[in-house]
Amino acid sequence: MSQLNKKDIIQLLERIAVYLEIKGENAFRISAYRKAAQSLERDERSIEEIEDPAKLAGIGKGTAGIINDFLETGTTELLQELESEIPEGLLPLLKLPGLGGKKIGKLYQELGVENAETLKAACEAGEVSNLAGFGKKTEEKILAAVNEMGKRPERLPLPEVTRTVEELTAFLQDIKEIDRFELAGSFRRGRETVKDLDFIISTSHPVSVGEKLVTHPNVTAVIGHGETKVSVELTDKETIVPVDFRMVEDESFATMLHHFTGSKDHNVLLRQIAKSRGESISEYGVKNEESGEVTHFDTEADFFHHFDLPWIAPEVREGKEEIDDAAHVKELVSMEDMKGDLHMHTTWSDGAQSIDEMIEACRMKGHAFMAITDHSKFLQVANGLTEERLKRQHEEIRTKRETVDDLHVFTGIEMDILPDGSLDYGDEVLKEIDFVIASIHSSFSQDEETIMKRLEAACRNPHVAMIAHPTGRLIGRRDGYQVNLERLIDLAVQTGTILEINANPNRLDLSAEWAEKAQEKGALISINTDAHRYDMLDHLSYGVRNARRGWIRKETVVNTWSVKQLTDHLWKNRL
DNA sequence: GCCGTTTTCGGCCCGACTGTTTTCAGTCG
């Protein structure tokens, strides 16, 4: 059974937790299995490398025994027992809003509900509303939820919510009773996808603000409407975006913001620290357990300082290393460090803006440098540049850059790596170009070996400075091609090739996890927008947040370097 | 189920809202 890996074990533990939840087990026993799963997830090692799981925090004798049984026999007594007691069809019902383990357990025991279908039938027959603790409204909600089941994605890619974020931001700014507000939640932490949007609102008039919130024209459902919390759904085109608003007095704004920025695991860590000091944290402040006195904070930084911690960036609040490594948070790359954008398109290929327009836009952004990197000839659908057009474009860029003195414009190209592993231009063309990007836009279905041959050819070419969007993924839409990232990172380190974090919120490629690994191995990273229009130049911040999630330090990111440092690097080792 | 300089029992983060009750359990974040 050696083919079982760590992911299988994590799934096993989570499955056990779900079964126990439906069984109505002790909540702490349930969360113990979840904690054990998390502990495994966080550990860098493979299961073979962990000789004794019981040594991990949150895994004791019991769970370690289960893990070892599972590794040896492919199953465990506990799981078999649970499977025989509880129908598997109940498990997905836990995802339905309003249904938890207790209610599902009751539906099973009292009504014999075993899956979505029988649940639906029970609702339609009116049996559910007859149960003690259930009523007409609960039955209606469950029925609606069953009918909606599977129709909606669990998490939304960032581009699906950005318009709603902008609209709500403008909407909140116009409400007079609001003193300040901020978007918290996983959006603030820079996650690739979000489940909902959490707005924290400082106001002394929560009720009247709440009444105004539900009048937003895009609100298509009000899920909850209390005195300090309003939950709604906004519809933007086809996408339903769940949004929570929390209203709070200004003195509690900082702690409320911290609480709803999360993550949940991060909050648990901090609350444990507070507890050990005789204090307790809630979203309203920090309470001294002895005196009962509650301390409030002006800012999140003050709140962290109270616990002798520096301000911890939201992007790393995942309940992992951020407390122990808090001192390193200030070394993470930030938007202020970013001096330029090295991947963008113009009307010469498939961009919407001219060279002049892009230069002017980058000047307005205060960039110190930029690279114009249109597509190469292979990409005919994108009007890729022939050698002849490339030459003319670069002449134009060289002429124009003489007229701009506060911004350096690198000549560049986003060159295709062809399906056969060759590059779209010869060295005699590439050797003239300041910033050569190589990337894959074709034959995504090739096997790993072929894909890696293509990427290796690009890395080993002395003129190629960077591999763009290294995996080709589109978040929530496609996985990308078969790339062996470990190997690509090694190649990048060996050859001095930069790896991109493509900042387009549809891509975020490399992901934070892989960027972190790349940095650990010594690779250089560049964060770029790949802008095809003016507004896409603003995407840089998505890339930076993604990098920060991967603990990427300023010096790893070439966009933070000076023009001279970057130029030296680009021309090093080229003939 | 896990944990321990409050250590082998008794905790385990804390609060809002809903729907069901008639004082609170369940769910959610």
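Below, read A as the first sequence line, B as the second, and so on, with proteins coming before strands; counting in each chain starts at 1. Only heavy atoms go into these numbers, but all of them, side chains included; no hydrogens, no water, no symmetry mates. Quick caveat: nothing in here was measured; it's all calculated off a predicted structure.
Side-chain N/O atoms of A:Glu233 and A:Thr220 include no donor and acceptor closer than 3.5 Å. In summary, the side chains of A:Asn502 and A:Asp530 do present a donor paired with an acceptor at a separation below 3.5 Å, with no hydrogens or angles considered.
Regarding A:Phe245, its CZ atom lies at a distance of 16 Å from the C1' atom of B:dA16, rounded to whole Å. Here the C1' atom of nucleotide B:dG29 and the CG atom of A:Leu270 are 17 Å apart, to the nearest Å. Residue A:Lys137 contributes atom NZ, which lies 14 Å from atom C1' of B:dT21 at whole-angstrom precision. Put simply, CG on A:Leu269 is 15 Å from P on B:dC3, counting in whole angstrom units. We find that CG of A:Asp198 is positioned 15 Å from P of B:dC28, with the value rounded to whole Å. A:Leu20 places its CG atom 8 Å from the P atom of B:dG1, with the value rounded to the nearest Å.
The listed nucleotides are B:dC14, B:dC17, B:dG26; the one nearest the side chain of A:Lys102 is B:dG26. For A:Thr63, counting side-chain heavy atoms from C-beta on, the closest listed nucleotide (B:dC2, B:dC17, B:dG29) is B:dC2. Listed nucleotides: B:dG15, B:dT18, B:dG29. Nearest to the side chain of A:Ser282: B:dG15. Out of B:dG15, B:dG19, B:dG26, the shortest distance to the side chain of A:Lys103 is found at B:dG26.
Aromatic ring orientation, A:Phe181 versus A:Phe199: tilted (interplanar angle from 30° to 60°).
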Pairs: protein N or O with nucleotides 11-13 of chain B N or O, under 3.5 Å:
residue	atom	partner	partner atom	Å
B:dC12	OP1	A:Lys275	NZ	2.7
B:dC13	O2	A:Arg271	NE	3.4
B:dC13	O2	A:Arg271	NH1	2.3

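Here the two rings, on A:His539 and A:Tyr542, have centers that are under 6.0 Å apart.
B:dT22 and B:dC12 are spaced 30 Å apart, taking the P atom of each and rounding to whole Å. Rounded to whole Å, the separation between the C1' atoms of B:dC9 and B:dC14 comes to 24 Å. With C1' as the reference atom, B:dT21 and B:dG26 are 13 Å apart, rounded to whole Å. B:dC13 and B:dT20 are spaced 26 Å apart, taking the C1' atom of each and rounding to whole Å. Distance noted for atom C1' between B:dG11 and B:dT6: 11 Å (whole Å).
Base pairing of B:dA25: its partner is B:dT18, meeting the Watson-Crick or G-U wobble criterion (both donor-acceptor distances under 3.5 Å).
Between A:Tyr284 and B:dA16, a side-chain N or O to OP1/OP2 separation shorter than 4.0 Å is present.
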Do any side-chain atoms of residues 170-178 of chain A form donor-acceptor pairs under 3.5 angstrom with protein atoms, and if so which ones, sequence neighbours left out?
residue	atom	partner	partner atom	Å
A:Glu177	OE1	A:Lys212	NZ	3.1
A:Glu177	OE2	A:Ser208	OG	3.3
A:Glu177	OE2	A:Lys212	NZ	3.1

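At a threshold of 4.5 Å between non-hydrogen side-chain atoms, the residues A:Leu197 and A:Val161 count as touching.
A 6.0 Å sphere centred on CD of A:Glu289 holds more than 12 heavy atoms belonging to other residues, nucleotides or ligands.
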